[in-house]
There are 2 protein chains.
Amino acid sequence: MTRKHSKYESGCPVAYALDIFGDRWGLLVIRDMAVKGARTYGELQNGWEGISTNILAQRLKQLEEAGILSKSKDPENGRSYIYALTQKGRDLAPVLADIALWSAKYNKAGHAMTGFSDKVRADRDGVITRIRAGKLP
Amino acid sequence: MTRKHSKYESGCPVAYALDIFGDRWGLLVIRDMAVKGARTYGELQNGWEGISTNILAQRLKQLEEAGILSKSKDPENGRSYIYALTQKGRDLAPVLADIALWSAKYNKAGHAMTGFSDKVRADRDGVITRIRAGKLP
DNA sequence: TTTGATAACTTGCATTTTGCAAGTTGATAG
DNA sequence: CTATCAACTTGCAAAATGCAAGTTATCAAA
């Protein structure tokens, strides 16, 4: 991620990853694609958290530059683009899965969604394998 | 995390977690404690990435409020406090481990640290168990 | 063909977060 | 007592995010 605040550059693996998706929206965009199957700008715009249009556009560009996702023209609709996670992006499945497990354990809110975390709890390896294969969890 | 930009509130587990550590520094503070064994403000201040003093103070307070870490007076040094990850914080070990593995696979920088990710690659469960038990990986 | 709708952004400005660097306060050591 | 240290705090600047209106290219219908 090309932030003005210089990248961490510490060489630590956690820092390296956070340089790519350690902002407010990066991992949520990736989640929308991996877990919900979002593929277009409009679908991502209609995500659960209400990302701003300028931030979404910027994030998509940065994640594309980081090799996390790819952007191609939609052959069936000249106005639309298709965004897809690359293998590099899909390989973040274990991170998403374990974050969901952690949250399921500690989030006491009554309105918490449990679909994804329930699936992970039931079959963590299966969920990860499917996301890595480009399928829904 | 009490950010003015309203919390996501979507109910999604990933969003719940990012509300707590989805800022620029949260997960790095947690890493410093889990992976390096940092326990004092000074040790955290001397982290690999150069966090600002005001941000560190603020983050420690927020993470304490979120139940990720605890703060207690150092009985041997009246000027110092000891910060320790709670079980809730230590339960983020799988997330840290997965991030490290992912980065080891995709970070091509020659100066990348490989200690933690090598340990995870060799024995992911062992690393997670040790961190969860409050030990170093 | 024209008109209206739509997808994907872009733009201008406001608010919030992070960064820099100096400063303060309480505790310790000599 | 003075000097040093640990843990912040403070004031301001820079960067990131949010809001809401706007623009452009493409598609669909009349």
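Throughout, protein chains are lettered first and strands after them, A, B, ... in sequence-line order, and every chain is numbered starting at 1. Only a predicted model underlies this, so the values are computations on that prediction, with no experimental measurement involved.
For Thr53(B), the side-chain atoms get nearest to dA21(C) when compared with the rest of dG18(D), dC9(C), dA21(C). When each of dG18(D), dA21(D), dC8(D) is scored by its nearest atom to the side-chain atoms of Ala57(B), the top-ranked nucleotide is dC8(D).
If Glu76(A) and Ile82(B) are placed on DNA chain D by their nearest nucleotide, the residue sitting closer to the 5' end is Ile82(B).
Between Glu64(B) and Arg59(B), no side-chain nitrogen of the basic residue sits less than 4.0 Å from a carboxylate oxygen of the acidic one, so the salt-bridge criterion is not met. Contact check on Asp74(B) versus Arg79(B) returns no salt bridge, with no Lys/Arg side-chain nitrogen under 4.0 Å from an Asp/Glu carboxylate oxygen.
Rounded to an integer number of Å, the gap from Gln58(B) CD to dG11(D) C1' is 15 Å. Between the CG atom of Leu60(A) and the C1' atom of dT10(C) there is a distance of 14 Å, rounded to whole Å. With rounding to whole Å, Ile55(B) atom CD1 is found 11 Å from dT16(C) atom C1'. dA20(D) atom P lies 16 Å from atom CD1 of Ile51(A), rounded to whole Å. For Gln45(A) and dA20(D), the CD to C1' distance is 12 Å, given to the nearest whole Å. Between the CG atom of Asp74(A) and the P atom of dT26(D) there is a distance of 14 Å, given to the nearest Å. dA16(D) atom C1' lies 16 Å from atom CG of Leu18(B), rounded to whole Å. Atom pair Leu27(B):CG and dT18(C):P shows a separation of 14 Å (rounding to whole Å applied).
One finds no side-chain N or O of Arg59(B) lying less than 4.0 angstrom from the OP1 or OP2 phosphate oxygen of dT17(C). Here Trp25(B) does not reach the OP1 or OP2 of dT17(C): none of its side-chain N or O atoms lies under 4.0 Å away. Remark: Lys73(A) is not in phosphate contact with dA25(D), judged by side-chain N or O atoms under 4.0 Å from OP1 or OP2.
Under 3.5 Å, the side chain of Asn54(B) and the base of dC8(D) form no donor-acceptor pair of N or O atoms.
Within the 4.5 Å cutoff, the side chain of Leu27(B) has heavy atoms near those of the Leu96(B) side chain. Side-chain contact between Phe116(A) and Arg31(A): absent, with no pair of heavy atoms (C-beta onward) separated by less than 4.5 Å.
Using a 4.0 Å heavy-atom distance criterion, Lys71(B) is classed as a sugar-phosphate-only contact.
Geometrically, Lys71(B) does not engage Tyr83(B) in a cation-pi contact, judged by NZ or CZ lying under 6.0 Å from the ring centre and within 45° of the ring axis. With a 6.0 Å cutoff to the six-membered ring centre and a 45° limit on the axis angle, Arg24(A) counts as a cation-pi contact of Tyr8(B).
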Next item on the list: Apply side chain to side chain donor-acceptor pair (under 3.5 Å) to the pair Gln58(A) and Asn54(A), showing each step before the final yes or no.
Entry: CA-CA 6 Å; Gln58(A) 182 186 44; Asn54(A) 54 330; over 6 Å; no
Next item on the list: Show your reasoning for whether side-chain contact (heavy atoms from CB on, under 4.5 Å) applies to Leu44(B) and Ile51(B).
Entry: CA-CA 8 Å; Leu44(B) 291 160; Ile51(B) 188 172; 6.0 Å; no
Report, one pair per line, the protein and nucleotides 22-24 of chain D atoms (nitrogen or oxygen only) whose separation is under 3.5 Å.
none

Interface polar pairs with nucleotides 1-6 of chain D, N/O, under 3.5 angstrom:
residue	atom	partner	partner atom	Å
dC5(D)	O4'	Arg79(B)	NH1	3.3
dC5(D)	O2	Arg79(B)	NH1	2.9
dA6(D)	O3'	Ser80(B)	OG	3.3

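Within the structure, side-chain hydrogen bond (donor to acceptor under 3.5 Å, both in side chains) contacts touching residues 112-121 of chain B (residues at least two apart or in different chains) are Thr114(B)-Asp118(B), Asp118(B)-Arg121(B).
Heavy atoms only, all atoms of each residue included: Ile99(A) and Ala17(B) are closest at CG2-CB, 3.4 Å.
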